[in-house]
Amino acid sequence: MQVEQLHPWPSTVAEAEAIQDRLRGHVELTGPDTFALVAGLDVHYHGPGDDLTAAVVVMDAATLAVVEQVVAHGKAAFPYVPGLFAFRELPALVEALEQLTVTPDLLVCDGYGLAHPRGFGLACHVGVLTGLPALGVGKTPFVGRHEPPGAERGAWTPITHDGATVGRALRTQRGVKPVYVSQGHRITLDTATDQVLRLAPRYRLPEPVRRADHLARHPG
DNA sequence: GCGACAG
DNA sequence: ATCTTGTCGC
């Protein structure tokens with residue numbers, strides 16, 4: 001599939017933040033509520049340097065059968081700065097997405113979307129650059145405040161930041177830590193929550209993200 | 001064995 | 001984020 005390139009690539013924190021502030025205006029918070037093909041995205045860092053592997057696994061949303069999977073090897077493209085995490089992983093993720101012969105209907109990112117200090121996390125970047133619906137699933141609370149959700153699968157509480165709802169803490173499995181869901185692009189928070197829940201019937205994380213994580217760790 | 005959790 | 005060790009439990 002074709003992915004828009006981000007140019008020029010930022011070389012300073014100020015430039016990266018300016019890109020986020022500019023692209024934030026492109027985010028759409030409504031979109032379809034059903035998806036045939038769902039892709040999980042993840043990156044694994046290895047070695048002492050900045051070497052990394054990006055993986056994308058496309059699954060049939062109804063059956064959770066794997067339709068296609070691709071990897072791209074590269075290096076972190078930016079220093080680690082909280083809030084600018086996306087710039088490390090974006091080039092490798094884009095390179096992987098471009099290898100896909102099918103176009104997913106939804107991208108599920110390992111990280112945040114709207115629940116981000118400037119309201120523009122990795123899932124927003126990926127969504128805006130592809131033009132596809134995208135959502136973010138985080139494993140640890142990153143920004144904002146929330147109450148712990150109830151113990152049962154499907155329970156959720158809002159995550160608020162500066163008085164606005166930016167995501168949800170969602171219990172995908174009973175007795176397991178919640179995940180943190182936020183909108184990336186072209187999706188409502190209700191739909192994002194529903195998708196994460198249905199894509200995680202057995203484990204804490206959505207199946208496409210689990211598969212991508214596994215593939216990034218053990219490519220080939 | 002794999003997954004959750006500790007720190 | 002990474003790595004390593006160990007416990008518990010399905």
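Just so it is clear, the model here is predicted, and its values are computed rather than measured. Chain naming here is simple, since letters A, B, ... match the order of the sequence lines and numbering starts at 1 in each.
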J.: Would you kindly give the CZ-to-P distance between A/R211 and B/dG3, to the nearest whole Å?
T.: 11 Å
J.: Give the rounded distance in Å between these two atoms: NE2 of A/H218 and P of B/dG1.
T.: 15 Å
J.: Out of B/dG3, C/dT2, B/dC5, which nucleotide sits closest to the side chain of A/V176?
T.: B/dC5
J.: Classify the nucleic acid contact of A/F85 as base, sugar-phosphate or nothing, counting any heavy atom under 4.0 Å across all strands shown.
T.: nothing
J.: I'd like to know if A/D105 and A/R186 make a salt bridge, using a cut-off of under 4.0 Å between side-chain N and carboxylate O.
T.: no
J.: At less than 4.0 Å, is any side-chain N or O atom of A/R210 found next to OP1 or OP2 of B/dG3? Yes or no.
T.: yes
J.: Rounded to the nearest Å, what distance is computed from the CG atom of residue A/L205 to the P atom of nucleotide B/dA4?
T.: 7 Å
J.: Rounded to whole angstrom units, what separation is found between the CZ atom of A/R204 and the P atom of C/dG9?
T.: 20 Å
J.: Using whole Å, what does the distance between atom C1' of nucleotide C/dA1 and atom OH of A/Y45 come to?
T.: 7 Å
J.: Between A/L52 (CG) and C/dA1 (P), how many Å, whole number?
T.: 14 Å
J.: How many angstroms lie between atom CG of A/D33 and atom OG1 of A/T191, to the nearest 0.5 angstrom?
T.: 5.0 Å
J.: Can you say whether the rings of A/F142 and A/H116 are parallel (under 30°), tilted (30 to 60°) or perpendicular (over 60°)?
T.: tilted
J.: Is the terminal nitrogen or CZ of A/R210 (NZ for Lys, CZ for Arg) located under 6.0 angstrom from the six-membered ring centre of A/Y203 and within 45° of that ring's axis?
T.: yes
J.: Roughly, in whole Å, what's the span from NE2 in A/H214 to C1' in B/dG1?
T.: 13 Å
J.: Hey, does A/H46 reach any base, or is it just sugar-phosphate, or nothing, if we go heavy atoms under 4.0 Å?
T.: nothing
J.: Quickly work out the A/R174 CZ to C/dC10 C1' distance and round it to whole Å.
T.: 16 Å
J.: With respect to the side chain of A/K139, which nucleotide from C/dT2, B/dA4, C/dA1 is positioned closest?
T.: C/dA1
